[in-house]
Amino acid sequence: MYRGWICGPLGAVIAHQCPKIHVVVADLNESRIQAWENGTPSFYEPGLNEVLSIVRRRPAPERNLEFVTDVEAAIQQADLIFLCVDTPTKSFGAGQGCAADLSNIQRVARTIAQVSRGEKIIVEKSTIPCGTADMLQDLLSTCGSPDAQFEILSNPEFLAEGTAMENLMLPSRVLIGSAQTERGRRAADELASLYETWVPRDAILRMDTWSSELAKIAANAMLAQRISSINSLSAICEATGASANVDSVSAACGRDPRIGPAMLQGGIGWGGGCFQKDILDLVYIARSLHLDDVAAYWESVVTMNEAQQTRFLQRILACMYGSVTGRPIAVLGFAFKENTSDTKNSPAIAVVRGLLEEGAKVSVYDPKVPSNEIELALGAVDLTHLQICRSPYEACCLADAVVLATGWSQFRTPSIDSAQLDDGILTPPLEMSNFLDWSRILNTMQRPKYVFDGRNLLDGAFLTRLGCRYVRVGSASAWDAGRRRSVGL
Ligand code: UDX
């Protein structure tokens, strides 16, 4: 194995499920490997530490998980090598901004070619463009020793951050793409027998490598497309100025079993390391095949996502009388979604950047993202008016507006039924200690106290009773520009 986010969790799960298999996680980065070896990976993923500690507690002869920096030795000893190498979108040259940068995968392939002897099965785990298995087969057989034989398999990973351990332990499906030859099928059998230790046989799908590679990016593109579709409808709901509500539209569409309810939650848009990269990859493939209308179709999914973030920002400005210059605004959540510390393509970045560019004083709180990562993710923007806070109460104190950017459950409002509201005074039952104390937050804010809910997570009626101006995605609000006049403001 090698670098990449998936490498550690996958290694831990294989070692946990297959006690007889010796798993070596290899990475050139010493501090990263040291952190894993100490049982303290640098990112947050629910359930990961528990699995790691079970495997690490095994007595020495039975301990089957190692973290090493000697990549070459790890390759020489392995029969099965999972490539978990980073393949970011290219920021230079041909295909810039669209194609995947394959330099890391080529570098590791050359190392494998140089040091390998005997039979090796190479498994593509990284998200890679279609045709990479063919490229690897060619590169390894051309550059490898005559004593070495390589069989390339595509085995894309479908885990989502925040539920990675669950997705690895109980995958909806495992794809194994192989060459349609006797040797290719034999290699696929070997990988399948590893997964069969814990995955039901009928969940393991076999196919050719191209279909497997395409299926991976197609699945992500379709998931992102659903969210962009519901977000396009949220824009229509808001623009009607009537009582249309994207949550109702989503609930109604999701009840159709042919559509289903997942990935239909309207909000400020999707982020993460996969959706954008995979769609752009699909766009690049389509363009390379001279299918310009196909490329334009998928590109519009990304355009819609960017437009959603811009629209949300413009709505904040419009509600706050067209200017936020010098105004204190709190942003709750910075990760691209709840239950992860990852900020890759987080919609919060566009929101915080936009507010800072408009001259607002922005206080950010996220329960899991470290301050330096927030600053790094914001990139080249003037951070003089950015404050990163250690609690939501600190972030919201004296704020004019609170923007909910990530759907962490700890930011939730209690349901109206579980609280007793009496003239704006909340008497919380005991179990409500898990929720944010919105009454305390609103008490410390400056009037007119806006709450912009970018994730449609909060109970608007509850917050309105507590005295704020509540605005959510996908329904018109009395505080939208243009409506103020019609409601006499
Ligand atoms: C995704 C795929 O789900 C996973 O199968 C694949 O292997 C990797 O890419 P991930 O990026 O971890 O996983 O997150 P996901 O849960 O899919 O959410 C992506 C983004 O969409 C997040 O920003 C999330 O907040 C947003 N989202 C999700 C919505 O806006 N609405 C929804 O209904 C669901």
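What you see is a predicted model; the values in this text were computed from it and never measured. Order of appearance sets the numbers: ligands from 1, and atoms from 1 within every ligand.
- Under a 4.0 Å criterion applied to the non-hydrogen atoms of Glu157, ligand 1 contributes the atoms 7 (O).
- Of all protein heavy atoms, the one closest to atom 31 (N) of ligand 1 is Gln265 O, 2.9 Å.
- Side-chain contact of Gln308 with Arg311: a donor-acceptor pair under 3.5 Å is present, judged by distance alone.
- Relative to atom 16 (O) of ligand 1, the option among Lys337, Met263, Lys216 with the closest non-hydrogen atom is Lys337.
- Across every non-hydrogen atom of Ser341 and Tyr44, the tightest pair is OG-N, 3.1 Å.
- Ligand 1 lies nowhere less than 4.0 angstrom from a heavy atom belonging to Gly267.
- Using modelled atom types, no side-chain atom of Lys90 and backbone atom of Cys98 make a donor-acceptor pair closer than 3.5 Å.
- Checked by distance only, ligand 1 and Ile227 stay at 3.5 Å or farther apart across all their nitrogen or oxygen atoms.
- Glu161 N, 2.6 Å is the protein heavy atom nearest to atom 12 (O) of ligand 1.
- By the criterion of a heavy-atom distance under 4.0 Å, neither the backbone nor the side chain of Asn231 is placed next to ligand 1.
- The N/O atoms of Leu159, backbone and side chain alike, include one that comes under 3.5 Å of an N/O atom in ligand 1.
- Of all the atoms in ligand 1, the ones that sit under 4.0 Å from a non-hydrogen atom of Cys274 are 8 (C), 9 (O).
- In summary, the side chains of Trp210 and Ser154 do not present any donor paired with an acceptor at a separation below 3.5 Å, with no hydrogens or angles considered.
- Counting only heavy atoms of the protein, atom 19 (C) of ligand 1 lies nearest to Phe275 CE2, 3.6 Å.
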*For salt bridge (Lys or Arg N to Asp or Glu O under 4.0 Å), just list the numbers for Glu238 and Arg315, CA-CA rounded to whole Å, side-chain angles, deciding distance to a tenth of an Å, and then say yes or no.*
CA-CA 10 Å; Glu238 286 168 27; Arg315 200 169 174 212; 3.4 Å; yes
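- The residue among Thr127, Asn220, Asn305, Ile230 with a heavy atom at the shortest distance from atom 6 (C) of ligand 1 is Asn220.
- Where the criterion is an N or O separation shorter than 3.5 Å, residue side chain and backbone included, Phe336 meets it with respect to ligand 1.
- What sits closest to atom 5 (O) of ligand 1 on the protein, heavy atoms only, is Phe158 O, 2.7 Å.
- Judged purely by distance below 3.5 Å, without hydrogens or angles, the side chains of Thr209 and Glu124 never pair a donor atom with an acceptor atom.
- Looking at Ser103 and Asp101, their side chains do bring a donor and an acceptor atom within 3.5 Å of each other.
- Closest approach of Ala160 and Lys337 over heavy atoms only: CB-NZ, 3.7 Å.
- For ligand 1, none of its N or O atoms has an N or O atom of Trp270 under 3.5 Å away.
- Annotation: atom 25 (O) of ligand 1 to nearest protein heavy atom, Arg455 NH1, 2.9 Å.
- Between Glu338 and ligand 1, a contact under 3.5 Å exists for no N or O pair.
- For the residue pair Asn245 / Ser243, no side-chain donor-acceptor distance below 3.5 Å is found, with atom types taken as modelled.
- If you look at Ala160 next to ligand 1, the close heavy atoms, those under 4.0 Å, come from the backbone and the side chain alike.
- In this pair, Tyr450 and Phe452 present their aromatic rings parallel. The plane angle is below 30°, not in the 30 to 60° band.
- Judged purely by distance below 3.5 Å, without hydrogens or angles, the side chains of Asp366 and Trp408 pair a donor atom with an acceptor atom.
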